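Right, one structure below, let's go through it.
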Amino acid sequence: MARILITSALPYINGIKHLGNLVGSQLPADLYARYMRARGHEVMFICATDEHGTPAELAAAKTGEDVADYCARMHGVQAALADGFRLSFDHYGRSSSQRNHTLTQHLAGKLAENGLIEEVTEKQVYSRADGRFLPDRYIEGTCPNCGYEKARGDQCENCTKQLDPTDLIDPRSAISGSTDLEVRETKHLYLRQSALKDEIDAWIDSQKDWPVLTTSIAKKWLHDGDGLKDRGITRDLNWGIPVKRGGDDWPGMEGKVFYVWFDAPIEYIAATAEWADANGRPDADWQRWWRTDKGAGDVRYVQFMGKDNVPFHTLSFPATLMGSREPWKLVDYIKSFNYLNYDGGQFSTSQGRGVFMDQALDILPADYWRWWLLSHAPESSDSEFTWENFQAGVNKDLADVLGNFVSRVTKFCRSKFAEEVPAGGTMGPAEEALMSELAGRVAAYEAHMEAIDIRKAASELRAIWVAGNEYLQAAAPWAAFKTDPDRAAASIRLSLNLIRLYAVLSRPFIPDAAAAMLAGMQTGDDAWPGDMATALDTLKPGHAFTVPDMLFRKITDEEREGWHADFAGERG
RNA sequence: GGGCCUGUAGCUCAAUUGGUUAGAGCAGAGCGCUCAUAACGCUUUGGUUGGGGGUUCGAGUCCCUCCGGGCCUACCA
């Protein structure tokens, strides 16, 4: 039995996430966690909301809430949606937790002790009307290059020229529109990533079989220009983790907080500590996942994230942990994803374009989304959601191939025999051939799941479902029943066992349907199959079952057209 | 501007890292079956692998070039 630590990129607190966010980290992480648990491994699956930063403050201001209250409320909303999608986190934490405050301050202190923190005085734009410093992109003005009037302080979206906020003509606050701006001096802490460059470079080089997407992004940052740059890890904000050096005040840093991207990945560790706290466990129980000197030496740590998060997970976070010179567990494998587009364009949170997690669950149960999204995960390139593809995939794979298989087998048995596993007959060549095929396909399925090749795993699982229909067609128990009822009984007995097998194999993808299948078969035996003949002889003659309700309904053309229109823009 | 990824059948994707005749699923066509959610099974039509050039006994794969799509570019997170 292995020990596997799994983290999903932290969803930002600022509003409900769309399906592209979901399929880029949380959903594949859940698939992997569920699979590994099913294989009997010890799994710790961690996620949390990422709650600090300017956007959270602005979102709270918009609703008139205190930012802490806003985050608490939105954490509840996101946790409920995660639950709705059956994301099986062992703990869903919050980056604003006390645990994260303490650990973040601790690590910053260690980095300072090791000479890896530098204090830098710099000039930043301050808005008197807003009473705050403004990040570059929250300053708008006219582009000196092309005259575009809504250029941002970091870059002009119109002519793509990179800008400094002071370049802008008639600069104003993007928050309030105020032009009462001034440049003020402010002091910040920088993490000296440059000092750790060779160490990180060697570490990246030592990683085998990481997705190209992961390593190419890391290498780019390591070697581009002057190489890995130092990074500011503090901000002039009210909402965040106060800058402290361990438990001590940090002279000159009063009123400042750590940058969200410094504290967010640390929350992976802190959330595991939150898990221990929530379950009344001692520190040793979370430390054995994260401290190689306290039992984490045999842990395999896998991270899931969208490609935009890769630099922070390959460079900044490892630099933080390495630079602490404490024995923290580093990631072993980073699974990164491209983007899911929506119907010819991008999902857009700001424009309300596409399907959001709450809306998705209002329309259809989680399994429908889980199956389609995972079987189309953007692994090798960006992929696209269209209602036509979604309808076709769900109807064919789930309703016709899997759902209908369960339906035809259970209903035939009920009408010709009884609502129990029939006795009589023996396994013949057709059954042997099926088991042989399944043994091969299950092995391939397992290999794809181990390698986190999600689309390939989905495609193999689907082929496993299809094999049941092929077998039924060849065995034709409805015909055999008329001349040789024992033969039909043997076929149906095997087919009922196939339903149980399918439930076990499919559960990582479609947990609710799998549970319904097991419930229908009235069995709690969810053992992962070893020998196929044994696995398909689990439900014995006389074992009672019930015909499950329709597992998956079909999406009609009318629904598809309606949704296509409903989700074209501006969510209502 | 620079870097990276990507382009394969109408659609979504494969192709053991240069090796027989480029494969699946969906959609389309034909046949079969009648247990089942008008479901299932079998057969089958679709490809100058974005265009052009090159290396090689051999190129979807390597090189050059052009065209299209996307991402990143360090103060949004």
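Each chain gets a letter, A, B and so on, in the order its sequence line appears, and its residues count up from 1. Given the structure is predicted, the values throughout are model-derived calculations rather than measurements.
At B/A15, one or more side-chain N or O atoms of A/Lys456 fall inside 4.0 Å of OP1 or OP2 (strictly under the cut-off). The shortest distance between the side-chain N/O atoms of A/Arg408 and the OP1/OP2 oxygens of B/A39 is not below 4.0 Å. Put simply, A/Lys554 has no side-chain N or O that comes within less than 4.0 Å of OP1 or OP2 on B/A38. Contact annotation: A/Arg462 reaches the phosphate of B/C26 (side-chain N/O to OP1 or OP2, under 4.0 Å).
Rounded to whole angstrom, the span from the OH atom of A/Tyr342 across to the P atom of B/U12 amounts to 16 Å. Between A/Trp465 atom CH2 and B/G41 atom P the separation is 14 Å, expressed in whole Å. The separation between A/Asp308 atom CG and B/G3 atom P is 23 Å, rounded to whole Å. One can place CG of A/Leu551 at 13 Å from C1' of B/A36, the figure rounded to the nearest angstrom. Rounded to whole Å, atom C1' of B/G70 lies 18 Å from atom CZ of A/Phe337. For the pair A/Ile139 CD1 and B/C76 P, the interatomic distance rounds to 11 Å; values are reported in whole Å. Straight-line distance from the CZ atom of A/Arg231 to the P atom of B/A74: 9 Å, rounded to whole Å. Protein atom CZ of A/Arg553 is 12 Å distant from nucleotide atom C1' of B/U37, rounded to whole Å.
As judged by a 4.0 angstrom heavy-atom cut-off over every strand, A/Gly53 is placed among residues touching the sugar-phosphate backbone only. Residue-level contact check: A/Tyr339 touches the backbone only, with heavy atoms under 4.0 Å from sugar-phosphate atoms and none from bases. If you check every strand for non-hydrogen atoms under 4.0 Å, A/Asn404 touches a base. Contact annotation for A/Gly227: base contact, defined as any heavy-atom pair under 4.0 Å involving a base atom. A/Lys411 comes within 4.0 angstrom of sugar-phosphate atoms only, judged by non-hydrogen atoms across all strands, and of no base. If you check every strand for non-hydrogen atoms under 4.0 Å, A/Ser383 touches sugar and phosphate atoms only.
Annotation: B/U49 and B/C11 have their P atoms spaced 16 Å apart (nearest Å). Comparing the same atom, C1', in B/C13 and in B/G47 gives a spacing of 15 Å after rounding to whole Å. Look at the C1' atom in both B/U55 and B/U65: the space between them is 15 Å, to the nearest Å. Nucleotides B/U12 and B/U17 have their C1' atoms positioned 24 Å apart, rounded to a whole Å. Taking atom C1' in both B/U45 and B/A9, one finds a spacing of 11 Å when rounded to whole Å. Look at the C1' atom in both B/C64 and B/U20: the space between them is 29 Å, to the nearest Å. Using atom P as the reference point in both B/G51 and B/U44, the two lie 28 Å apart (nearest Å). B/G50 and B/G10: their P atoms are spaced 13 Å apart (whole Å).
Of the nucleotides present, B/C67 is the one that pairs with B/G7 by Watson-Crick or G-U wobble criteria, both distances under 3.5 Å. Across all strands shown, B/G32 forms a Watson-Crick or G-U wobble pair with B/C40, both key distances being under 3.5 Å. Remark: B/G1 base-pairs with B/U73; criterion is Watson-Crick or G-U wobble with both hydrogen-bond distances under 3.5 Å. Base pairing annotation: B/U17 forms no Watson-Crick or G-U wobble pair, as no partner gives both donor-acceptor distances under 3.5 Å. Partner assigned to B/C62 is B/G54, using Watson-Crick or G-U wobble distances below 3.5 angstrom. Nucleotide B/U49 has no partner under the Watson-Crick or G-U criteria, as no pair reaches both atom distances under 3.5 Å.
One distance of note links CG of A/Leu228 with CG of A/Asp201; it measures 9.0 Å at 0.5 Å rounding.
In this structure, A/His313 has its ring center closer than 6.0 angstrom to the ring center of A/Tyr268.
With A/Glu379 as the fixed residue, the salt bridge (Lys or Arg N to Asp or Glu O under 4.0 Å) test singles out one of A/Arg455, A/Lys307, A/Lys456: A/Arg455.
Nearer the 5' end of RNA chain B, as judged by each residue's closest nucleotide, is the contact made by A/Met550, out of A/Met550 and A/Phe312. Along RNA chain B, the nucleotide nearest to A/Ser415 and the one nearest to A/Asp400 differ in position, and the one closer to the 5' end is contacted by A/Ser415.
Between A/Lys219 and A/Asp205 there is a salt bridge, since a side-chain N of the basic residue sits under 4.0 Å from a carboxylate O of the acidic one. Using a 4.0 Å cut-off between a side-chain N of Lys or Arg and a carboxylate O of Asp or Glu, A/Arg553 and A/Glu559 qualify as a salt bridge.
For B/C75, the base has a donor-acceptor partner in the side chain of A/Gln124 [N/O atoms by modelled type, under 3.5 angstrom]. Side-chain atoms of A/Glu122 come within donor-acceptor range of the base of B/C75, with a qualifying N/O pair under 3.5 Å.
Cation-pi geometry between A/Lys335 and A/Phe337 is met: the NZ or CZ atom falls under 6.0 Å from the ring centre, inside 45° of the normal.
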Steps toward side-chain contact (heavy atoms from CB on, under 4.5 Å) verdict (A/Glu267, A/Thr104): CA-CA 8 Å; A/Glu267 168 65 7; A/Thr104 297; over 6 Å; no
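Judged by ring centres under 5.5 Å apart and planes tilted less than 30 degrees, A/Trp478 stacks against the six-membered base ring of B/C35.
In terms of modelled atom types and a separation under 3.5 Å, the side chain of A/Asp130 and the main chain of A/Arg132 share no donor-acceptor contact.
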